[in-house]
Amino acid sequence: MSNALISPLAIAPMIDWTHTHFRFFMRLLAPQALLYTEMQTPHALFNNPQKNLYFDPAEHPIALQLGGSVIKELILCAVLAQKQGYDEINLNLGCPSDRVQAGRFGACLMAEATHVSDCIKALKDAVDIPVTAKTRIGIDNQDSYDFFSSFVFKLVEAGCDKLIVHARKAWLKGLNPKQNRIIPPIHYEYAYEIKKDLGELPVVINGNIETFSEINSHLHQVDGVMLGRLACNNPYAIADIHQALFKQSRALSRLEVLDLYLAYISRDRHKYTPLSIFLKPLLTFAYGLPNSKLWKAELLGIQQNKDWSKLHNLVTIMQRIQLNTAF
Ligand SMILES: Cc1cc2nc3c(=O)[nH]c(=O)nc-3n(C[C@H](O)[C@H](O)[C@H](O)COP(=O)(O)O)c2cc1C
């Protein structure tokens, strides 16, 4: 089993966030974290594999998350991903959006354990890299531990190599995806119990985890934690957490990260990525510092005016923000 598969720290798949540039940024903050792509559908991959499968070599270890349930399509995607060098294929069994339900994938597949296990088995037969699943703990009124565990055991019997548990159920009707990440209560005990029941199989816990002390206590029960919104809202917290988890590694300072990320932007500018996409991970990079609002305003100004030439000022601006000196 590869080390990547059992990394104690993973950055969650997040649509419109965990694109290649965000992941590169995360890699600077968390050298040993396992990074997930945003969910990719087979259609998106087939339409533009060059863009949608792209990752920078620095992003390793990296997992591709797939959203789909047509076995032939999933197999083709997994084979392409393996060829591209991905370290893991992850199947999305947690997204509750209407669009995703209409396509018969994501969380609604929790009602179709036999079909999901066929998908996992087909993926396992098609590729040599680990095949994993990210699931909720239930859907609608099917939210007992027995329901969850019998679903999971089907996946494991089919060969699933790791289970990521977003420890709340999803309501398939009446809540949008954002509400479905807030309203259903968290039940970490489902992930703890399934770990006991599964024994060796790696279990990663996800949902509302924000501090190292929370992480530490989860790691007494399961093999890893996956962080999502924290990475978007307070990215530098990821560097602190990584440093606390991997004591031998030295966390880069905010200025060092910024310097490296700006060098990356100037290296990759020729790929015609809009400035706003490059800057998105930086918007919250001063979270918690005095003047963090000024930092965001500066970035939004640069973004609005598409003023690439001002990027090199950002290091000085961050220095001033950190020193809390006047602008
Ligand atoms: C903007 C956004 C987009 C998301 N997109 C995906 C996705 O593509 N695939 C997925 O499995 N989960 C997705 N999620 C859910 C996260 O991976 C994670 O399970 C959830 O946010 C709970 O973790 P957190 O409390 O650490 O944020 C998304 C979450 C957010 C906030």
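Indexing begins at 1, ligand by ligand and atom by atom, following the structure's order.
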Exercise for the section: Can you sort out the partners of Lys296 under side-chain contact (heavy atoms from CB on, under 4.5 Å), two or more places apart, ordered by chain and number? Expected result: Leu283, Leu300
Handout entry: Main-chain N/O of Gln243 paired to Ser249 side chain as donor or acceptor, under 3.5 Å
Key = no
Problem - Check: Glu256 main-chain N/O paired with Ser253 side-chain donor or acceptor under 3.5 Å - result: yes
Fill in the blank from the handout: Chain-and-number sorted residues having a heavy-atom contact under 4.0 Å with ligand 1 are Ala12, Pro13, Met14, Ile15, Trp17, Met39, Gln65, Asn92, Lys134, His166, Arg181, Asn206, Gly207, Asn208, Leu227, Gly228, Arg229
Atom pairs and distances, donor-acceptor, side-chain atoms in residues 170-178, under 3.5 Å, two or more places apart:
unit_1: Lys173; atom_1: NZ; unit_2: Gln101; atom_2: OE1; d: 3.4
unit_1: Asn176; atom_1: OD1; unit_2: Lys178; atom_2: N; d: 3.0
unit_1: Asn176; atom_1: OD1; unit_2: Gln179; atom_2: N; d: 2.7

Fill in the blank from the handout: Val257 meets the side-chain contact (heavy atoms from CB on, under 4.5 Å) criterion, sequence neighbours left out, with Phe25, Leu28, Leu29, Leu252, Phe285
Exercise for the section: For the pair Tyr190 and Phe148, name the ring-plane relationship: parallel under 30°, tilted 30 to 60°, perpendicular over 60°. Expected result: tilted
